[in-house]
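Throughout, residue positions are numbered sequentially from 1 according to the sequence presented.
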Amino acid sequence: MTSTAAPRRVLWTHATLATFAGERDWGLVNDGALLVEGEQLRWAGPAAELPAELRAGVADTHDLGGALVTPGLIDCHTHLVYGGERSAEFELRLQGATYEEIARAGGGIRSTVAATRAAGEAELHALAVPRARALMAEGLTTLEVKSGYGLSLADEAKCLRVARQLAALGLTVRTTCLGAHALPPEFEGRQDEYVDAVCGWLPELQRQGLVDAVDVFCERIAFTPAQTRRVFEAARALGLPVKLHAEQLSDQGGAALAAEFGALSCDHLEWLSEDGIAAMARAGTVAVLLPGAFYFLRETKLPPVQALRDAGVPIALATDHNPGSSPGLSLLLMLNMACTFFRMTPEEALRGLTVNAARALGLPDRGRLVAGLRADFCIWNAAHPRELAYWFGRNPLRQVVVGGRPRA
C-alpha cells in the first residue's frame, strides 16, 4: 500500500540567508528561516514573517545561531573520471613547452586516454570517489561529469557508468558525453571517420541511460566547427541538449555555432568574440568561466567578462577538474580566482556556482533559496557571503543539506 503520510517539515532558524531570489544582489535576509518539507523548500524569508499555519506543522527545529546559509554549490564542468595523472607535463610547461606542443607530441589528453582505457571500472571509481569527496567537503551538492578519456564506445560508457555511481555519495550527478574530446590513436589521420563513430555511439549511450548532454572540444588541436555541427545534429536528433568547449585557445566561432543549437552553455571563452556573445545572449546560453584552467595554464587572455555582463549573458563558474589543465578540487578557490583574475564581484562569483551553474546544467529546480525549489543548501561559519570568496585556504563549511536531509 502506498503511504499517504505528509512529508516531514523541518525548520531552520536564526540564519543569514543568501537567497539569490532576484536577478541582482545577494537577496540577503537577516534573521532568516528556511522551512523544508520533504525534499523541497516550503518557505524562505525573515523568520518573523513565517506564517503560523506553516510553523504549526514543524516536526523539528534547528537554531543556526546566526550562521550563513547559501544554496548548495554546483560544479557544472568537470572531467572527474580518469586514470593516471600528468604532473610531468606540468613540469614540461614550466620548462617552456606549450599546451599545444605537448598535445601534438602525443601527451595531453591522449596520455590520459591510455591510462583510462587500461583502468577497470572499479579502479576508476576508487580514483573518482576521493575527488568527489574533496569537492563535497566545500559544499558541493550537484556535479557534472564529462566523459572524453575513453574515446571508444566501451570506454566512454565505462566512464559514464562510474560517473553515475558517484550519486551514491549524496550528490546529484549529471553526465555529459564528450566523445569528441580528442582523436584516439587508432583513428590517426581519419578525423571525420572518428566524428562519424562518436555520432554513432550516442543512441546506445542514451539507451543505457548514461548521457544527459553532449559536448565537443571545438579548437585547432581538437575538432572543427563543421565536425562539431555534425555531433550537435546527432544530439539534436536524439533530443539531447548540447554544451561546448569554445574559444579557449583561439576564436573558432564555436560559441555562435553552439548558440544556434540552443546550447546550455559555452565554456572557457577567453577568445570569445562580440558575435559569439550576441549569439549566446539571444539563445540564453550560459557562459561558464574556468579560472582554474586559466591559472594553471598561465593564460594571459582574459575572458570578456564586462562584455558578457553588458549583453546579459549569465556567467557560471566551475572547477574544470581534469588531470592536464586544471587539477584543482576546491570550489572556494574558484570563487577567489574568479574575483582576482577575472575581476568578478563576490556576488557574481557565488551566483556563478549556484544560480547560473544550475542554468548551465538545465536544472531550474536548484541554485536559489526560494520556496518550491529543491532543499539543497550549505551552512557556513561566516557572517556574510562575500567571505567565501575572500578567504583562500580556509574552509568555513559547517553542514550541508541535500534534498532536505543533512549530509552525514
Requested in this report: Would you mind checking if R374 and D365 are paired as a salt bridge, meaning a charged N to carboxylate O distance below 4.0 Å?
Outcome: no
Report task. Return yes when atom CZ of R407 has more than 12 non-hydrogen atoms of other residues, nucleotides or ligands closer than 6.0 Å, and no otherwise. Result -> yes
**Report entry** Atom pair SG/OH of C339 and Y390 - distance to nearest 0.5 Å
**Finding:** 13.0 Å
**Report entry** Nearest non-hydrogen partners of L350 and L388, listed with the distance
**Finding:** CD2-CD1, 4.2 Å
Report task. Taking only Lys NZ, Arg NE, NH1 and NH2, and the carboxylate oxygens of Asp or Glu, determine whether E37 and R9 approach each other closer than 4.0 Å. Result -> yes
Report task. Apply the test salt bridge (Lys or Arg N to Asp or Glu O under 4.0 Å) to residues R394 and E138: give CA-CA distance (whole Å), side-chain angles for both, the deciding distance (0.1 Å), then the verdict. Result -> CA-CA 10 Å; R394 173 177 180 263; E138 292 189 353; over 6 Å; no
Report task. Inspect the surroundings of CH2 in W26 and state if more than 12 heavy atoms from other residues, nucleotides or ligands are less than 6.0 Å away. Result -> yes
Query raised in the report: Which heavy atom in L68 sits nearest to a heavy atom in P385, and how many Å separate them?
Result: CD2-CA, 3.6 Å
Query - N-O pairing of D212 and R164 below 4.0 Å - result: yes
Query raised in the report: Would you say E186 has more than 12 foreign heavy atoms packed within less than 6.0 Å of its CD?
Result: yes
Query - Heavy-atom pair of closest approach, residues L171 and L166 - result: CD1-O, 4.1 Å
Query raised in the report: Should we count CZ of F187 as having more than 12 external heavy atoms under 6.0 Å?
Result: yes
Report summary line: CG (L332) and CG (N395) are apart, to the nearest 0.5 Å, by 5.5 Å
Requested in this report: Answer yes or no: is there an ion pair linking E348 with R351, defined by an N-O contact shorter than 4.0 Å?
Outcome: no
Query raised in the report: Is the F341 to F294 ring centre distance short of 6.0 Å?
Result: yes
Query raised in the report: What about the rings of H321 and H77, do their centers lie closer together than 6.0 Å?
Result: no
Report summary line: side chain to side chain contact (heavy atoms under 4.5 Å, CB included) with T172: of L143, I74, L361, T142, only one passes, and it is T142
Requested in this report: Measure the shortest side-chain to side-chain distance between L249 and E299 over non-hydrogen atoms and say whether it is less than 4.5 angstrom.
Outcome: yes
Query raised in the report: Under 6.0 Å between ring centres, would you say that holds for H62 and H14?
Result: no
Requested in this report: Please report the closest heavy-atom contact between Q399 and P406, naming both atoms and the distance.
Outcome: NE2-CB, 3.4 Å
Requested in this report: Please report the C-alpha distance between V69 and L34 in whole Å, then the side-chain angles of each, then the deciding distance to 0.1 Å, and finally whether the side chain to side chain contact (heavy atoms under 4.5 Å, CB included) criterion is met.
Outcome: CA-CA 9 Å; V69 179; L34 296 172; 3.7 Å; yes
Requested in this report: Could you point out which residue of F223, Y149, Y194 forms a ring pair (Phe, Tyr, Trp, His ring centres under 6.0 Å) with H181?
Outcome: Y149
Query raised in the report: What are the two closest heavy atoms between S326 and A293, and how far apart are they?
Result: OG-N, 3.5 Å
Query raised in the report: Is R405 salt-bridged to E39, cutoff N-O under 4.0 Å?
Result: no
Query - Shortest non-hydrogen separation from L317 to C76 and the atoms involved - result: O-SG, 3.7 Å
